[in-house]
2 protein chains.
Amino acid sequence: MTAQIVTFARAAQADARSFPGATIAYGPGEEIYAQAEETDLIYRVTSGAVRTTRLDSDGRRQIGDFYYAGDFFGLEAGPEHRFSAEALCESQVQVFKRTTLAMADDTAGVERTIWTATARELERTREHLMMLGRKTAREKVASFLHDLADRQGGEVQTLVMGRQDMADYLGLTIETVSRMLTQLQAEGLVTFTGCRQFRIGNRQAMTRLVAA
Amino acid sequence: MTAQIVTFARAAQADARSFPGATIAYGPGEEIYAQAEETDLIYRVTSGAVRTTRLDSDGRRQIGDFYYAGDFFGLEAGPEHRFSAEALCESQVQVFKRTTLAMADDTAGVERTIWTATARELERTREHLMMLGRKTAREKVASFLHDLADRQGGEVQTLVMGRQDMADYLGLTIETVSRMLTQLQAEGLVTFTGCRQFRIGNRQAMTRLVAA
DNA sequence: CGTCATCTTGATTACGCTCAAGCTCCGTGG
DNA sequence: CCACGGAGCTTGAGCGTAATCAAGATGACG
């Protein structure tokens, strides 16, 4: 977020255009690409976490998705990004140039990887869609925690994002998210130890609540 | 919807598995593939219109998208369909077998076409997501009519789907959709001539209302 | 022309939003 | 080491939008 970090990142990104595959470091809140920026690069999270965000003219905000180590992002059909991407915490991001990849030795392999990533992304987006369209606030928040636990594995879960990001992902307000978290905890479905750490208390009840 | 039509379609679909590229006719409401069915086929609308639907255990329904002549559908990453697909009206659908396409002469061309279709689909789904997450009922309904007019072109627009389908696409109830249509018409933004035909009355106001 | 599905309208309810305080957790400086 | 300050989170009260429940109106089709 400091001027130095931003300057460093800009310089590194410029390099990435000539040397695809370069890894760039971003600090919390730092922008990786902007809405309406050209889409000639493809990204992969090496460490940390990234969110994609869309801001409309009224300032309403929607988060497209969160990406963790190993995930590709920045895949788009059109010539311009419809969402921007920002790091959630200290993160390392690998950058590939599309046109360079097209000249790779194993073109077929590269293309298959990109297609698979795109299709997986589509699938996740459809799940997200289902959630936004037809779930209650309570179900949305429960799904969010459940999915996170699924992805991360292990017992104790850590939230890399704040309440506002959760709200903008779920199509809710920050207050509603907070209330639902309190409610779920009161019912023993989850236990929070600090506002960014939790454990699933009742996995069965949780899964039932989330069930498609 | 009659037993004969269903029987015919089943038989035709069985054929399509051995003869990819075959065109099958479906009647209104008829199922093209089901949720949890295997995903070895890819489809393209030749004429008519198709919707993809997801039904959860409580009977809540979400429509993924509507597809018209020329559109591909049925593209998925996993081995099972997460949505089902049904014809909205008398429709012709072309069916391709994935594994057969992989052996085509112009494999690269085929793959590019599929990737492009997938990426386009992803983009549409993201727009849909944005709408579900952050738009009001009024804006959702206006967007729906606006997009339809954009896609179809021309002056007089025809709705191939009923109010329930619109509601399930927009994450609203049928009553709310109806009220918003009445409201938009009262304000002169659109004019309905029968419940499935309309013209955009004030394109400027409409675009403003829809603006991302 | 009658029947049934679809669509519209009305009255009421409820879920999530808004506005407004507090609280908690950290980092900073006295 | 504790006081101060600020950001982020929680809680509360009241409101508004869209859902629900319930009749009617319209329209398509036999």
Side-chain angles (χ1 to χ4, degrees), chain A residues 1-2 27-29 51 58-63 88-89 131-145 158-187 190-198 209, chain B residues 1-2 27-29 51 56 58-63 88-90 131-145 158-187 190-198 209:
Chain A
M1 274 290 231
T2 67
R51 66 165 181 251
D58 302 334
R60 282 177 286 189
R61 188 165 169 268
Q62 176 69 48
I63 289 193
L88 283 164
C89 53
M131 180 161 85
L132 289 182
R134 290 306 188 195
K135 286 190 180 174
T136 63
R138 179 185 161 76
E139 291 169 331
K140 285 177 179 180
V141 173
S143 297
F144 186 82
L145 299 180
T158 305
L159 295 166
V160 282
M161 70 294 287
R163 298 291 188 266
Q164 188 63 61
D165 284 340
M166 291 176 58
D168 290 338
Y169 179 78
L170 299 172
L172 298 171
T173 59
I174 189 174
E175 294 96 330
T176 299
V177 169
S178 187
R179 275 185 249 275
M180 294 303 130
L181 289 173
T182 305
Q183 191 185 106
L184 291 172
Q185 179 159 35
E187 291 164 358
V190 294
T191 314
F192 272 81
T193 58
C195 71
R196 299 230 179 168
Q197 268 205 344
F198 70 98
L209 187 55
Chain B
M1 274 293 228
T2 67
R51 67 165 180 251
D56 78 8
D58 303 333
R60 282 177 288 187
R61 189 165 168 267
Q62 176 68 49
I63 290 192
L88 283 163
C89 54
E90 293 296 337
M131 180 160 85
L132 290 182
R134 291 307 188 194
K135 286 190 180 176
T136 64
R138 179 185 161 76
E139 291 170 331
K140 285 178 178 179
V141 173
S143 296
F144 186 82
L145 299 179
T158 305
L159 294 167
V160 282
M161 70 294 289
R163 297 292 188 265
Q164 188 63 61
D165 283 340
M166 291 176 58
D168 290 338
Y169 179 77
L170 299 172
L172 298 171
T173 60
I174 189 173
E175 294 97 328
T176 299
V177 169
S178 188
R179 276 185 248 276
M180 293 304 131
L181 289 172
T182 306
Q183 190 185 108
L184 291 171
Q185 179 160 34
E187 291 164 359
V190 295
T191 314
F192 272 81
T193 59
C195 72
R196 299 230 180 169
Q197 269 206 344
F198 70 98
L209 187 56

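These numbers were taken from a predicted model, which means no experiment stands behind them. To find a chain, count down the sequence lines: A is the first, B the second, and so on, and within it residues start at 1.
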The test is side chain to side chain contact (heavy atoms under 4.5 Å, CB included); show your working for Leu184(B) and Leu209(B) and say whether it passes. CA-CA 11 Å; Leu184(B) 291 171; Leu209(B) 187 56; 4.0 Å; yes
Atom pair CD1 (Ile63(B)) and CG (Leu170(B)), whose distance is rounded to the nearest 0.5 Å: 9.0 Å
Say you draw a straight line from CD of Gln197(A) to CZ of Phe192(A); how long is it, rounded to the nearest 0.5 Å? 10.0 Å
Output the distance between atom CG (Asp58(A)) and atom NZ (Lys135(B)), rounded to the nearest 0.5 Å. 10.0 Å
Please give me every residue in residues 161-172 of chain A whose heavy atoms get under 4.0 Å of an atom in DNA chain C, ordered by residue number. Gly171(A), Leu172(A)
Round to the nearest Å and state the distance from Phe198(A) atom CZ to dT10(D) atom P. 13 Å
In whole angstroms, the gap separating C1' of dT8(C) from CG of Leu184(B) amounts to 15 Å
note: Gln185(B), atom CD; dT9(C), atom C1'; distance rounded to Å ~ 14 Å
Whether the Thr136(A) and Glu139(A) side chains hold a donor-acceptor pair (N or O, under 3.5 Å, no angle test) is what I'd like checked. yes
With a 4.0 Å cutoff (strictly under), does any side-chain N or O of Arg196(B) reach OP1 or OP2 of dC7(C)? yes
Shortest non-hydrogen pair, Met131(A) vs Tyr169(A), comes out as CE-CE2, 3.7 Å
Interatomic distance, Leu159(B) atom CG to Leu181(B) atom CG [nearest 0.5 angstrom]: 8.0 Å
Taking only the side-chain nitrogens and oxygens of Thr176(B), find out if one of them lies under 4.0 Å from OP1 or OP2 of dA18(D). no
Nearest to the side chain of Thr173(B), heavy atoms from C-beta on, is which of dC17(C), dC7(C), dT20(D)? dT20(D)
Side-chain contact test, heavy atoms from C-beta onward, threshold under 4.5 Å: evaluate it for Phe198(B) versus Thr191(B) and give yes or no. no
Given the rule in the side chain to side chain contact (heavy atoms under 4.5 Å, CB included) test, do Arg138(B) and Gln183(B) qualify, once you have shown the distances and angles that lead to the verdict? CA-CA 8 Å; Arg138(B) 179 185 161 76; Gln183(B) 190 185 108; 2.7 Å; yes
Starting at CG of Leu159(B) and ending at P of dT8(C), how long is that distance when rounded to a whole Å? 10 Å
Round to a whole Å and report the spacing from CZ of Arg134(B) to C1' of dC17(C). 11 Å
Dump the pairs, protein N or O against N or O of nucleotides 22-27 of chain D, anything under 3.5 Å, distances to one decimal.
none

To the nearest Å, how far apart are Arg60(B) CZ and dA18(D) P? 19 Å
When you measure from the side chain of Arg179(B), which nucleotide among dA18(D), dT20(D), dA13(D) comes out closest? dT20(D)
dT8(C) P sits how many Å from Met180(B) CE, rounded? 13 Å
Heavy atoms under 4.0 Å, any strand shown: does Thr182(B) hit a base, just sugar-phosphate, or nothing? sugar-phosphate
Spacing between Leu132(B) atom CG and dA18(D) atom P, to the nearest angstrom: 13 Å
